[in-house]
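Just below is one structure, and these are the notes that go with it.
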There are 2 protein chains.
Amino acid sequence: MAEQVDTARRAPLSRDRVLRAAVALADEAGIDSLSMRKLAQELGVVPMALYKHVANKEELLDGMVDVVVDEIGPPAGDADWKSAVRKRILSARQALLRHPWASRVIETRTTPTPVVLTYMDSLIGMFRTGGFSADLTHHVMHAMGSRILGFTQEMFDDSPSVDPATQAVIFQEMATKYPYVTEIAMAAAHEDDSIVGQGCDDQFEFEFALDLLLDGFERLRETWPSGPRPRAT
Amino acid sequence: MAEQVDTARRAPLSRDRVLRAAVALADEAGIDSLSMRKLAQELGVVPMALYKHVANKEELLDGMVDVVVDEIGPPAGDADWKSAVRKRILSARQALLRHPWASRVIETRTTPTPVVLTYMDSLIGMFRTGGFSADLTHHVMHAMGSRILGFTQEMFDDSPSVDPATQAVIFQEMATKYPYVTEIAMAAAHEDDSIVGQGCDDQFEFEFALDLLLDGFERLRETWPSGPRPRAT
DNA sequence: CTTGACAGGTGTACGACGTACACCTAGTGT
DNA sequence: ACACTAGGTGTACGTCGTACACCTGTCAAG
């Protein structure tokens, strides 16, 4: 009777507990190490037990996205649509930065969950009450693209860090084969001691694009016809 | 000695043949049905044979992306940077539309291949020779985000088409729970007889956002300081 | 107090997947 | 004539998601 770790002692499972454990596991071990089996083990339970709380892995991932989206705070009370939207999007970005796997997972969802729909509805509402026509709001939401949920793709991630000598050789090759890319990478790294890239201020880039779009939206808001755009005949 | 379908008759494999077959398979069966085993079968070969031509599945996917990027034509000869960039991006978009799996796969690549770098270099070059500073070009490329390779995420795909009665119920629920989303969906579907969405003109949306950005870039081009942006301090 | 339904955890098993590793085989340069 | 090698083969392992039958404790109705 030495060990009795069985079913009795541990807290009972629940959809919520499963989702939170999944998020935690993905946060610390990466989304690729998130399998139903590992998750079950983490919860001290047999893999199939999870299926009493989520239909399948897809639904698990949907639920995980919901957890992240729930972390986005409620809209700020700003009277000004522009700063209200800006704050909300930046808050979404913070949520996504806390869970690096989330953007990748969101991209693979095929159908929005109610939680996501609620978030989108509230965001759309900010434009509508800010004086945008339904039609213009539609285009504007499309224009925001991946920024709606607070992320943009990174193009390069940290390279596997070879020694400086070969790094220099690689750099020379890069510079001759892709002069423009190299120039841009240099410009980005001007406040950094690494040779290539990495020193790019993502937050700045994100806000740069966000503000560019918001400014564009503002201009359109005043000139856009209030009805739907005229149909081609 | 009835059948002699063995190794002798079929054309020899090659990295190129493997990649093309993979692209074809993904095109017609979807990216989820692309496995090393199915691909091998398609080529009349044992799975492990593929590994003599690609290191692993990741490299296969990299190669497939290369095939797609190669389909993007060379830059137009326009003197005007803006229309040249515009054409190139729209041409990239066409390539991606021919291979619906490509955008999803591109998002999962961790390191750009030489082919992708070449494309990016040429695109950056269009801004640089168009009078953009290296610094501004950097930000501008970030701002383009997923549009660089010609796609934006779709939010909804075709729903599994239930009967009209329940569809109406669903619609009612949607309209009360997510009034703004519904309104937008309606606005988009005004030239369509389906009840919810679907009638959204993706090409229009894409160009809307693209032009919004390009116009914004144009304005910045004239006001942006030529050096790198000043450091905080 | 019995019963039986049901929510929730278990155990086994299957078919896919990516790919390591040892092997074979045909063609080539010496 | 022979070793080398590029390229195709066969077997095998570990991992994955999950179908299906089963067990067990709880609790309401008879």
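Every chain is numbered from 1 and lettered A, B, ... according to where its sequence line falls, protein lines coming before strand lines. Predicted, not measured: the structure shown is a model, and the values here were computed from it.
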Return the value, rounded to whole Å, for the distance between atom CG of B/Leu39 and atom P of C/dC17. 11 Å

Please determine whether a side-chain nitrogen of the Lys or Arg among A/Arg15 and A/Glu59 lies less than 4.0 Å from a carboxylate oxygen of the Asp or Glu. yes

Going by heavy atoms closer than 4.0 Å, what residues in residues 20-38 of chain B are next to DNA chain C? B/Ser35, B/Met36, B/Arg37, B/Lys38

Let me know which of A/Val18, A/Val65, A/Leu50 forms a side chain to side chain contact (heavy atoms under 4.5 Å, CB included) with A/Leu60. A/Val18

When you measure from the side chain of B/Val45, which nucleotide among D/dG8, C/dT19, D/dG17 comes out closest? D/dG8

Tell me: CD of A/Glu58 to C1' of D/dC16, nearest whole Å? 14 Å

Quickly work out the A/Arg17 CZ to C/dG8 C1' distance and round it to whole Å. 13 Å

Please confirm whether the shortest side-chain N or O distance from A/His53 to OP1 or OP2 of C/dG9 is below 4.0 Å. yes

Quick test of your reading of the model: are A/Arg104 and B/Glu107 salt-bridged, counting only N-O distances below 4.0 Å? no

Counting side-chain heavy atoms from C-beta on, which of C/dT10, C/dT19, D/dT18 comes nearest to B/Met48? C/dT19

Earlier contact from the 5' end, DNA chain D, for B/Ser14 and A/Asn56: B/Ser14

Between C/dG18 (C1') and B/Glu59 (CD): distance, integer Å: 15 Å

note: B/Tyr51, atom OH; C/dG18, atom P; distance rounded to Å ~ 6 Å

Less than 4.0 Å between a side-chain N and a carboxylate O, is that true for A/Glu183 and B/Arg128? yes

Angle between ring planes, A/His99 versus A/Trp101, binned at 30° and 60°: parallel, tilted or perpendicular? tilted

Closest approach of A/Asp121 to B/Tyr180 (non-hydrogen atoms, all atoms of both residues): OD1-N, 2.8 Å

Is it true that A/His139 and B/Phe204 have ring centroids separated by less than 6.0 Å? yes

NA contact type, A/Lys52, heavy-atom cut-off 4.0 Å: base, sugar-phosphate, or nothing? base

Find the distance A/Leu43:CG to C/dG9:P and express it as a whole number of Å. 10 Å

How many whole angstroms separate atom CG of A/Leu50 from atom P of C/dA7? 18 Å

Atom NZ of A/Lys57 to atom C1' of D/dA19: distance rounded to whole Å? 18 Å

